[in-house]
Peer 1: 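The structure under discussion is supplied below as structure tokens; questions concerning it will follow.
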Amino acid sequence: MSDSVRLRPVAEADLPDLERRWAEDSDTVGEYNWTGWSNPRWRSNWEEDRLLGDKPVLLIDVGGTVAGFVDWHRIETGGRGSFCWEFGIVLWPGERGKGYGTQAQRLLAEYLFANSAVNRIQAWTEAGNLAEQRSLEKAGFTRESVLRGYSFRGGAWRDVVYYGMLREELATS
Ligand SMILES: CC(C)(COP(=O)(O)OP(=O)(O)OC[C@H]1O[C@@H](n2cnc3c(N)ncnc32)[C@H](O)[C@@H]1OP(=O)(O)O)[C@@H](O)C(=O)NCCC(=O)NCCS
């Protein structure tokens, strides 16, 4: 894998391009993620916590060019404060299919296991999103389950596939 992919925080100079992409192109988030026009409030959220608070965002930087982003949030998993991270990923349309998604998801797993004491990281995607399923598997995640009729998009309820990685699997996957 190339070393040119890295994850970095959002800078103020990145905001205009992020806002433009959300305002102009429904394919910015990909066909399996688009559920109508929305306002992710990039600037106000960035001003609040630099997008490093409860729902962090890191940009996927490929040789100095922004190719997309990853984000994640906490999911309660049981008693006594136990939780895992659930993450998402979006690559800009022109940056898909080049291996960046695999590298970014691997880097994110390494980052989250190194910087928080969680035992588990997970992600889900629609059953039709074969590129994301393949990318997750190449990044070391295990296909775990299908949840039927879980996500509403494009006028229909969609099945989704859950993937997970445990801390002990990072070294061996
Ligand atoms: C999904 C996504 C993150 C994957 O990242 P990527 O950089 O495009 O994926 P990679 O190039 O690392 O790997 C994709 C793999 O899926 C395969 N693939 C792509 N489309 C496929 C399809 N329709 N059917 C089967 N396999 C497919 C590729 O061949 C590749 O596998 P290979 O290396 O064994 O040939 C990216 O395409 C994206 O951002 N899409 C839009 C947003 C999205 O769907 N996010 C997912 C969260 S819901």
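All ligand and atom numbering here is 1-based and tracks the order in the structure. Residues: numbered from 1 along the sequence shown.
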Peer 1: Mind checking whether V90 has an N or O less than 3.5 Å away from an N or O of ligand 1?
Peer 2: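 The answer is no, given that V90 and ligand 1 share no N or O pair closer than 3.5 Å.
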Peer 1: Got the closest protein heavy atom to atom 5 (O) of ligand 1, with its distance?
Peer 2: G101 CA, 3.4 Å
Peer 1: Could you report the tightest heavy-atom contact between L91 and G101, atom names first, then the distance?
Peer 2: CD1-N, 3.5 Å
Peer 1: Is G97 close enough to touch ligand 1? Criterion: a residue heavy atom under 4.0 Å from a ligand atom.
Peer 2: yes
Peer 1: If you measure every N or O of W124 against every N or O of ligand 1, does any of those distances drop under 3.5 Å?
Peer 2: no
Peer 1: Which heavy atom of the protein is the closest neighbour of atom 24 (N) of ligand 1, given with residue, atom name and distance?
Peer 2: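 I find the closest protein heavy atom is L130 CB, 3.4 Å.
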Peer 1: State plainly whether one hydrophobic cluster holds both L18 and W37, where clusters connect Ile, Leu, Val, Met, Phe, Trp and Tyr through side-chain heavy atoms under 4.5 angstrom apart.
Peer 2: yes
Peer 1: For ligand 1, does N33 get within less than 4.0 Å through its side chain, its backbone, both, or neither, judged by non-hydrogen atoms?
Peer 2: side chain
Peer 1: Consider every N or O of R134 and every N or O of ligand 1, then say whether any pair is closer than 3.5 Å.
Peer 2: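 Yes, at least one N or O pair falls under 3.5 Å.
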Peer 1: In terms of ring plane angle, is the pair F69 and W22 parallel, tilted or perpendicular, where the classes change at 30° and 60°?
Peer 2: tilted
Peer 1: Would you say ligand 1 has an N or O under 3.5 Å from any N or O of G99?
Peer 2: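 Yes, since at least one N or O of G99 sits under 3.5 Å from an N or O of ligand 1.
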Peer 1: For the pair Y150 and Y162, name the ring-plane relationship: parallel under 30°, tilted 30 to 60°, perpendicular over 60°.
Peer 2: perpendicular
Peer 1: Does ligand 1 have an atom that lies less than 4.0 angstrom from a heavy atom of Y32?
Peer 2: no
Peer 1: Please identify which atoms of ligand 1 are closer than 4.0 Å to at least one heavy atom of V29.
Peer 2: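 Within the 4.0 Å cut-off of V29, ligand 1 contributes 41 (C), 42 (C).
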Peer 1: Determine the minimum heavy-atom distance between M165 and L170, stating which atoms define it.
Peer 2: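 What the structure gives for the nearest pair is SD-CD1, 3.8 Å.
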Peer 1: Can you tell me if G68 contacts ligand 1 (heavy atom of the residue under 4.0 Å from the ligand)?
Peer 2: no
Peer 1: Does the protein come close to atom 28 (C) of ligand 1 - that is, does one of its heavy atoms sit below 4.0 Å from that atom?
Peer 2: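 It does not; no protein heavy atom is within 4.0 Å.
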Peer 1: Quick one: do R106 and S173 satisfy side-chain hydrogen bond (donor to acceptor under 3.5 Å, both in side chains)? Show the steps, please.
Peer 2: CA-CA 10 Å; R106 182 73 189 185; S173 60; 2.9 Å; yes
Peer 1: Looking only at protein heavy atoms, identify the closest one to atom 45 (N) of ligand 1 and say how far it is in Å.
Peer 2: I89 O, 2.9 Å
Peer 1: Nearest to atom 44 (O) of ligand 1, what protein heavy atom do you find, and at what distance?
Peer 2: N129 ND2, 2.9 Å
Peer 1: For atom 32 (P) of ligand 1, what's the nearest protein heavy atom and its distance?
Peer 2: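 The closest heavy atom on the protein side is K138 NZ, 3.6 Å.
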Peer 1: Considering residues, nucleotides and ligands other than R41, do more than 12 of their heavy atoms fall under 6.0 Å from its CZ?
Peer 2: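 No, because the 6.0 Å sphere around CZ of R41 holds 12 heavy atoms or fewer from other groups.
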Peer 1: Check whether the ring centres of F87 and F141 lie less than 6.0 Å apart, and answer yes or no.
Peer 2: yes
Peer 1: How close do L166 and F113 get, counting heavy atoms only, and between which atoms?
Peer 2: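 Scanning both residues completely, I find the closest heavy atoms to be C-CZ, 3.6 Å.
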Peer 1: What part of K98 sits under 4.0 Å from ligand 1 if we count only heavy atoms: the side chain, the backbone, both or neither?
Peer 2: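 Under 4.0 Å from ligand 1, K98 contributes backbone atoms alone.
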Peer 1: What protein heavy atom sits nearest atom 2 (C) of ligand 1, and how far away is it?
Peer 2: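 Of the protein heavy atoms, E132 OE1, 4.0 Å lies nearest.
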Peer 1: For ligand 1, which atoms sit closer than 4.0 Å to a heavy atom of Y100?
Peer 2: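 Listed by number with element, the hits are 7 (O).
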Peer 1: Return yes or no for this condition: an N or O of L91 is under 3.5 Å from an N or O of ligand 1.
Peer 2: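 Yes.
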Peer 1: So, does S135 use its side chain to make a donor-acceptor pair with the main chain of T102 at under 3.5 Å?
Peer 2: yes
Peer 1: So, the side chain of D14 versus the backbone of V10: is there a donor-acceptor pair under 3.5 Å, distance only?
Peer 2: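 No, because the side chain of D14 does not come within donor-acceptor range (under 3.5 Å) of the backbone of V10.
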Peer 1: Going by the salt bridge (charged side-chain N to carboxylate O under 4.0 Å, His left out) test, name the single residue among E169, E76, E144 that passes it with R120.
Peer 2: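 Among E169, E76, E144, the one that satisfies the salt bridge (charged side-chain N to carboxylate O under 4.0 Å, His left out) with R120 is E144.
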Peer 1: Pull out every atom of ligand 1 sitting under 4.0 Å from any heavy atom of T125, numbered as shown with elements.
Peer 2: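 Counting atoms of ligand 1 from 1, those under 4.0 Å from T125 are 48 (S).
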Peer 1: May I ask you to decide if E31's main-chain N or O and R153's side chain share a donor-acceptor pair within less than 3.5 Å?
Peer 2: yes
Peer 1: Tell me if the centroids of the rings in F83 and W85 come within less than 6.0 Å of each other.
Peer 2: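 For F83 and W85, the ring centres are under 6.0 Å apart.
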Peer 1: For atom 20 (N) of ligand 1, what's the nearest protein heavy-atom neighbour? Residue, atom name and distance, please.
Peer 2: A131 CB, 3.5 Å
Peer 1: Just jot down the ligand 1 atoms closer than 4.0 angstrom to any heavy atom of T102, in number order.
Peer 2: 10 (P), 12 (O), 13 (O)
Peer 1: Identify the closest protein heavy atom to atom 41 (C) of ligand 1: which residue and atom is it, and at what distance?
Peer 2: R96 NE, 3.4 Å
